[in-house]
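Structure first, then comments.
For the single chain, residues carry numbers from 1 onward in sequence order.
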Amino acid sequence: MVAAIPGTASGAPTSPANPIASTAAFAELPAPTGLGLPRDGASLYLPDEAYPHFPMPNGSHAYAHLDGRAMKKVVDQITGFSRQARDAGVQNWGRIPGTPYERMTLDWVLHQFQRIGLHDAHQQDVSVQPLWFAHSWQAECLLGTNSVPLHTTFPIDGTVGTSPDGVTADAMWVGLGTTADFAGRDVAGKAVFIYSILTPGGRSHSADRGAIDRANAAGAAMVFVVMGMPGNAVFQPMGGGGTVAPTFTISPDEGNGIGDILGSGQQVRIRLTADIGTSEALRTNVWGTLPGRTDEEILVMAHTDAIFEGALDNAAGLTMMLEIAKHYAGLPKAKRRRRMTFLTTPDHHHGAYGVHWVRDNHDFTNTALIINSEHPSQTLLYLLDDGIMTSNAISARRWFAGGSEALQQLVYTSLRDYGVSVYAQPEERPGGELSSLYQKAPSFHIIDHVIYHSTLDTAALVPAWGLENATAAFLRIIDTANGWDIGRLRA
């Protein structure tokens, strides 16, 4: 008999990832089947010691100080700013630009830059522009004379709200929302439910490839997208711009429960009220530098904002960037061939004004390398039967390397040698924050997904050894690239 895995995952939620999304919320809906997250986290979240921890390759003594468990504690510290918003009762919670919890994060980053010993550490205000913001909402499932609150609904970024009186409509299930699913169906004035397949993560999903637009164009009173990740997680994907009907996500536990009731021939009505508008949001970049022997530059960047806890996206990336800064701050200037610039950007999910300012105003003339630190470590998940299964493996990452063939090969082999699994093919153009800067200089990143933009994105699914290995690989790439002339890095 195999012994049970001892302990619980570091950073595992001690209560549901969203305190209002407990299994008790579904008492009047059909009981969910199969394992789901976060409701079954007690048996699905694994402690870090359950993951294989392989030694670094020969010649890695300079990186022996890296400690994934210590890095994970920093991840938990950063996500704590988000939890303060959640615990204060903010429905649209996280490290959202313009909120006190984002300001806490930016002030903390500045303090870390100063503590590490970066030169000219400062905050740079970029702009104040109205930001789409969901202030409050409430959804209910009406079953005869009973009203069942729907706790896992969340407005898709950019969607519209309702009048103060709200909207009530009969529910209708349209499957995946393909053209065939809509054929012959009159959804005008209905609360339309669409099942969406994650492709591959919470931000990208099948309903965002036409189904939402079809429901809106056909006159739906409201749209609910059932996000295909078994359990009671709350999702907030992008893509609500242009909707004329309030368009929300809902968990499978609640959404499929409504689908089961409709399938039995019963009538279901949905009542929704949503106060959605804008808020004023100051964007703030944070900068710090380490002087080198030359004026050539290495730019290391990470975004600070997050939806919900944002452990993978992007507390883990920010932690990795700070670890890189600490490593090189501990070396004498004579051993740093190039000046290193460290940058955090504030609004990756809400317009990217911070990085766009950098793109349009920073001097890249002598920039030898741009490094984006974003989504570096995530547990490998599997859909199993009618539920979900975690594993003690670390998921493969999307990756990008731009510049010379020699740099691209260096990035690939370094990631491989340090146990950082990647997709078989690199991105043709990078996603994430690097998408705004990759044409300015040679650059690289890794970026994982699936759980981001959801209440699943806690430290429980960010393996410590993934943080450690990815950081070591990045350091090896930087050190090797610092032995090359800038012409060898550029295409």
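When each of Val268, Asp181, Val226, Ile194 is tested with Trp173 by the rule side chain to side chain contact (heavy atoms under 4.5 Å, CB included), just one qualifies, namely Val226. For the side-chain hydrogen bond (donor to acceptor under 3.5 Å, both in side chains) criterion with His349, the lone passing option out of Gln236, His453, Arg95 is His453.
Here Phe154 and Phe235 keep their ring centres 6.0 angstrom or further from each other. Proximity of the aromatic rings of Phe444 and Phe474 is defined here by a centroid distance below 6.0 angstrom, and this criterion is met. Here the two rings, on Tyr101 and Trp93, have centers that are 6.0 Å apart or farther. For Phe133 and His135, the gap between ring centers is short of 6.0 Å.
For the residue pair Arg476 / Tyr418, a side-chain donor-acceptor distance below 3.5 Å is found, with atom types taken as modelled. Of the N and O atoms on the side chains of His449 and Arg398, at least one donor lies less than 3.5 Å from an acceptor on the other residue. Side-chain contact of Thr33 with Asp386: a donor-acceptor pair under 3.5 Å is present, judged by distance alone. In this model, no donor atom of one side chain and acceptor atom of the other lie less than 3.5 Å apart for Thr162 and Thr273. Side-chain contact, Tyr353 with Thr345: no donor N or O sits under 3.5 Å from an acceptor N or O. Judged purely by distance below 3.5 Å, without hydrogens or angles, the side chains of Thr471 and Glu323 never pair a donor atom with an acceptor atom. Side-chain atoms of Asp48 and His53 form no donor-acceptor pair, as typed in the model, at a separation below 3.5 Å.
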> Please walk me through it: do Asp107 and Arg103 pass salt bridge (charged side-chain N to carboxylate O under 4.0 Å, His left out)?
Replying inline: CA-CA 6 Å; Asp107 291 344; Arg103 177 51 54 186; 3.8 Å; yes
> Could you go step by step and tell me if Lys73 and Asp67 meet the salt bridge (charged side-chain N to carboxylate O under 4.0 Å, His left out) rule?
Replying inline: CA-CA 10 Å; Lys73 290 180 180 178; Asp67 183 345; over 6 Å; no
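Evaluation of the salt bridge (charged side-chain N to carboxylate O under 4.0 Å, His left out) test over residues 259-281, restricted to residues two or more places apart or in two chains, returns Glu140-Arg271, Asp170-Arg269. Pairs passing the salt bridge (charged side-chain N to carboxylate O under 4.0 Å, His left out) check and including a residue from residues 444-470, sequence neighbours excluded, do not occur.
A salt bridge links Glu49 with Arg69; the closest basic N to acidic carboxylate O contact falls under 4.0 Å. Between Arg39 and Asp253 there is a salt bridge, since at least one side-chain N of the basic residue sits less than 4.0 Å from a carboxylate O of the acidic one.
Applying the ring pair (Phe, Tyr, Trp, His ring centres under 6.0 Å) criterion to Tyr195, with sequence neighbours excluded, gives no partner residue.
Note: Met301 CE to Leu318 CG = 12.0 Å, rounded to the nearest 0.5 Å.
Formation of a donor-acceptor pair under 3.5 Å by the Glu374 side chain with backbone atoms of His303 is not found in this model.
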